[in-house]
Structures are given as C-alpha cells and as structure tokens.
Student: 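Just dropping this structure here.
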Amino acid sequence: MSFRPPKGTDDIGAPESNLWRDVLGEWERWADLFGYPLVMTPIFEATDLFERGVGTDTEVVTKQMYTFTDKGGRSLTLRPEGTAGVVRAFLDSGAKGPWKGSYSGPMFRHERPQAGRRRQFWQVGVEYLDVEGPAADAEVIELGYRFLTAVEVPGLKVILNSLGDAVCRPGYVEILRRYLAEKRDVLCADSLPIVDVNPLRVLDCSVCAPVLVDAPGMKDHLCEPCADHYTQVKKSLEGLEVPFSEDARLVRGLDYYTRTAFEYVATNLEAAQNAVGGGGRYDGLAESIGGRRAPGVGFALGVDRIILASTRKPEVRVDVYLVSESGPIEALIAASALRRDGLRVDLDTEGRKVEAQFKAANRLGARAVVVVPEDGDDVDVRVGEERARMPVASVAKWLEERL
Ligand code: HAM
C-alpha cells in the first residue's frame, strides 16, 4: 500500500498511545481540581471568526489556516487554535460569567513540519471568561504549571510578560517602531517589512534577537492600571509558589492578547519548539468577534510537545495475560470471567505455543500471568515470584491485594 499519513500528521499507536492516554487522563484530573468543566466546540468554524479573533496579520491567519469552501459556498476553516471558538460558544450561549471551560482536541496549522511542529497537533487548554482581576490570571497560570509538573516535563519554566492594553500599548509600539527604524540595517529580511505594520512581532524574531538586546520593553511603559495588574499577578504567583521569570520580549503569535502573556518552556526540547504551552489575557477578543465585552484569560498546551519532553513511563494497561495450555477457547472463557470481574485481560486467540504466550505477556508488561492448565478446573496465578492455584472466580479478589 502506498498511502502514508498526510505530511505533518502522525499515526500514534501503543505503546506511545498509552502515554497519550495517561497525559490526557492527568489533564482531566487537573482541570477538575481547578473547576474547569469540559466544553466541546466544532473542529471547523467560519473563517471570519479566526480572521477577526486571531488577527489578520498573524502568521496563523495569513499562512497557516486550512480553509475550504463547503457545498453551501461558506468559507470554513479547520480550527488553528481553541480560544476563538470557545469565546464564540460562550457568547452564543448567552451565559453571564464568571465562566470556566476546558478543552482537549486536535488543531490544524499549515506549518513546516518537524519534531514538535505538526500540521495536526493536540492542544489541551482552559478559558476563564468575564473575569478582570489578577487572581484569575494567577489561577490559570498555576493550573498549567501544576499539570505540566505532574506529567514530568523536565526543566519546566514559566515565562511572563505584560503586553499592556489599548491605553498604553499604542504609545509603546510607537517608541518601539522608532527604535527599530534606527536598526533597519541590522534586521533580518523577514523582520524588515513588518517594522511599520507590526513592530511587536519583530521582538519575537530569533534571528534579530542578538541585535535587539537593548530594545525598549512594554513593562517599562505600562499605564498605572496595567502596571498594578502585572504586579498583582506576580505577587499571586509568588504566594502560590509558582516559579517564573520575566521576559520583556515575550509577545506571543496571536493578536488578541492584552496585559498578561506567558509561556511554559521545556528546556530539554530544541529551542525553536520548546514552548510546551502559552496563553494570556484577552480583554478585547469577545468584542473583536462581534460580541459584548467579556474579558478573559486562558492557555493552551501542546500535547505532542509534552509527550516529546516528558520523562514519564506509560502506565501498564494489562493486569492479566492469560496463558493457555489447553487451547484458546478455554482461555477465552476464563478471560471473559476475569474481565467481568473488572480485570484488564489480554490473551492469545490463535493457539500459539505456550512459550510464545509467555513472551507476549512479557512484551506487554502484564502485571500478572494466569495459566489455564491442560486438565483440572483451577488456574495457576503468578505475580512476580508468588504463585497460587485457585478457581477462576477467586482470581480477582486474590489479585486485588497484590496488584
Ligand atoms: P499558541 O501559543 O499558538 O497559543 O499554542 C499553544 C501551544 O500549542 C504551543 O505552545 C505549542 O506547544 C502548541 N502548538 C502550537 N502550534 C503547534 C504545532 N504546529 N505543532 C505542535 N504543537 C503546536 C494558542 O493556541 C492560544 N489559543 C492559547 C491561549 C488560550 N491563549 C489564551 N487562551
């Protein structure tokens, strides 16, 4: 067969898929611990939603969207991110916040594929809406930090900045534009054309970084309310014992951010793809997509990158491997009884040699082996060095104390 998964997409099977299930299970646990119920929104939305929400001069919108026209002539786009859709759903529901939602699912961006940069990738995230205070920002940042710590992302760092708001940002952008205009002859070919249109994005350019070390930072030009908000977020994080560092160059790739912006970085990954997540406050997003004012804050984490970075071993999902000396039907009947008793059981249905069955048990890392003997009603149960003979009906109880 000559079909392969489309460029930038992956087939994920066991054992790697076991780690995915563990990480996604851990995500659900942390989202619940912080009170963020699941919200499910469509995988495609009106193209306009992303243009207005994410911003028409972001790379995501100009270069990376999977856009198509459906049979009714509507322009639709596979979601490149989750925030715009969740905010749309919240506004559409007519709910009044404070409102919390968490999500988990595939996103699509037409990027140049490499490790940790896929065209279909999986995000988990939260959005917290109709909230203005810095405690909301701190809670959201803490949730991401606790979850990433639980899934064993090594060298985890939280990087923080404030991007100001509609009051103070325009003045800062002007100062930055003037500074960059003087640096024109040392800027890279990608940055040059955006100095006037989107000077903030130049700060994000890794090629230009070395010549922009003394660039003015937003945090020195915040208006008083934004400066207060930023100070309170930092104080709250200190109180919550969430370590963070500040980086005046952190600008994020989507246009909706105001005030708090942050990223979670896994320092053991390649620098270009080491952001395992990012987020921030977006007080103007709801209005920019035609809704009422609904300030909010949230983040999304890239599960593909978390899996790459994590040092966690996947949980063994086979409690019992059944080895049969008397053929597959007897084994299947014993397996059925054990499964109905709540044990996760695997077995060989092809009548392979006993040694091959033991090998399979080993390969799967089964926590116990149950041997169905050639004669007699009892089975032989083995856990590590311990062995016992008993009726099938007693196995679950016996194993309960040992597994
Ligand atoms: P983002 O920074 O574009 O933010 O994406 C969040 C995370 O998704 C990234 O840090 C990265 O781990 C992962 N990611 C992004 N693109 C790819 C890709 N092509 N392949 C693999 N992983 C990728 C957002 O999406 C915002 N919606 C976050 C947010 C939520 N802000 C507020 N609320």
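Counting starts at 1 for both ligands and their atoms, in listed order.
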Student: With heavy atoms of G278 as the reference, note each atom of ligand 1 found under 4.0 Å away.
Tutor: 10 (O), 28 (C), 29 (C)
Student: Hey, is L254 touching ligand 1 through its side chain, its backbone, both or neither, going by heavy atoms under 4.0 Å?
Tutor: side chain
Student: Among the heavy atoms of G116, does any lie under 4.0 Å from an atom of ligand 1?
Tutor: yes
Student: Which protein heavy atom lies closest to atom 32 (C) of ligand 1, and at what distance to 0.1 Å?
Tutor: G298 O, 3.2 Å
Student: Quick one: which ligand 1 atoms are inside 4.0 Å of a heavy atom on Y282?
Tutor: 32 (C), 33 (N)
Student: Using a 6.0 Å cut-off, check whether atom CD of E241 has over 12 heavy atoms from anything other than its own residue.
Tutor: no
Student: With a 3.5 Å distance limit and no angle check, can you tell me whether Q273 reaches the backbone of A115 through a side-chain donor-acceptor pair?
Tutor: yes
Student: Tell me whether the count of non-hydrogen atoms from other residues, nucleotides or ligands lying under 6.0 Å of NZ in K157 goes above 12.
Tutor: no
Student: So do E238 and F244 actually touch side chain to side chain, heavy atoms under 4.5 Å?
Tutor: yes
Student: Going by distance only, is there an N or O of E111 that falls short of 3.5 Å from an N or O of ligand 1?
Tutor: yes
Student: Report the member of R109, R112, E59 with the shortest heavy-atom distance to atom 3 (O) of ligand 1.
Tutor: R109
Student: Relative to the heavy atoms of Y103, which atoms of ligand 1 are at a distance of less than 4.0 Å?
Tutor: 30 (C)
Student: If you count the atoms of ligand 1 from 1 in the order shown, which ones are under 4.0 Å from a heavy atom of E127?
Tutor: 30 (C), 32 (C), 33 (N)
Student: Specify side chain, backbone, both or neither for E263, according to which of its non-hydrogen atoms lie closer than 4.0 Å to ligand 1.
Tutor: neither
Student: Going by the angle between their ring planes, with limits at 30° and 60°, are Y172 and H221 parallel, tilted or perpendicular?
Tutor: tilted
Student: Tell me, do K100 and P37 make a side-chain contact under 4.5 Å, heavy atoms counted?
Tutor: yes
Student: Got the closest protein heavy atom to atom 26 (C) of ligand 1, with its distance?
Tutor: Y256 OH, 3.3 Å
Student: Side chain, backbone, both or neither: which part of Y128 has a heavy atom under 4.0 Å from ligand 1?
Tutor: neither
Student: For ligand 1, which atoms sit closer than 4.0 Å to a heavy atom of T83?
Tutor: 26 (C), 27 (N), 29 (C), 30 (C), 31 (N), 32 (C), 33 (N)
Student: Do ligand 1 and L301 have nitrogen or oxygen atoms that lie under 3.5 Å from each other?
Tutor: no
Student: Ligand 1 versus F121, non-hydrogen atoms closer than 4.0 Å: side chain, backbone, both, neither?
Tutor: side chain
Student: Could you walk me through whether F68 and Y66 pass the ring pair (Phe, Tyr, Trp, His ring centres under 6.0 Å) check?
Tutor: CA-CA 7 Å; F68 61 98; Y66 281 91; 9.7 Å; no
Student: Using a 3.5 Å cut-off on N or O atoms only, is G279 in polar contact with ligand 1?
Tutor: no
Student: Among R88, R79, R52, which residue meets the salt bridge (charged side-chain N to carboxylate O under 4.0 Å, His left out) test with E45?
Tutor: R88
Student: Who passes side-chain contact (heavy atoms from CB on, under 4.5 Å) against T62, sequence neighbours left out?
Tutor: none
Student: Among protein heavy atoms, which lies nearest atom 5 (O) of ligand 1, and at what distance?
Tutor: Q123 NE2, 3.2 Å
Student: If we ignore hydrogens and angles and just use 3.5 Å, is the side chain of Q357 paired with the main-chain N or O of R352 as donor and acceptor?
Tutor: yes
Student: Under 4.0 Å between a side-chain nitrogen and a carboxylate oxygen: does that hold for R117 and E270?
Tutor: no
Student: Does the R119 side chain pair with the main chain of P6, one donor and one acceptor, at a distance under 3.5 Å?
Tutor: no
Student: Look at atom CZ of R4 and say whether more than 12 heavy atoms of other residues, nucleotides or ligands are closer to it than 6.0 Å.
Tutor: no
Student: So if I count the atoms of ligand 1 from 1 in the order they appear, which ones are less than 4.0 Å from some heavy atom of R118?
Tutor: 18 (C), 19 (N), 20 (N), 21 (C)
Student: Backbone, side chain, both or neither: what part of Y264 comes under 4.0 angstrom of ligand 1, heavy atoms only?
Tutor: neither
Student: Show the atoms of ligand 1 that are less than 4.0 angstrom away from any heavy atom in G277.
Tutor: 10 (O), 12 (O)
Student: What's the shortest distance from atom 13 (C) of ligand 1 to any protein heavy atom, and which residue and atom give it?
Tutor: G302 CA, 3.6 Å
Student: Show your working on side chain to side chain contact (heavy atoms under 4.5 Å, CB included) between R118 and T9 and close with a plain yes or no.
Tutor: CA-CA 6 Å; R118 317 302 297 151; T9 70; over 6 Å; no
Student: Counting from 1, what ligand 1 atoms have a heavy atom of Y257 closer than 4.0 Å?
Tutor: 26 (C), 28 (C), 29 (C), 31 (N), 32 (C)
Student: Could you identify the single nearest non-hydrogen protein atom to atom 4 (O) of ligand 1 and state the distance to 0.1 Å?
Tutor: R252 NH2, 3.0 Å
Student: Any salt bridge linking D346 with R363? Criterion: basic side-chain nitrogen under 4.0 Å from a carboxylate oxygen.
Tutor: no
Student: Specify the protein heavy atom at minimum distance from atom 27 (N) of ligand 1: its residue, its atom name, and the distance to 0.1 Å.
Tutor: E81 OE1, 2.6 Å
Student: Measure the distance from atom 12 (O) of ligand 1 to every protein heavy atom, then report the residue, atom name and distance (to 0.1 Å) of the closest one.
Tutor: A275 O, 2.9 Å
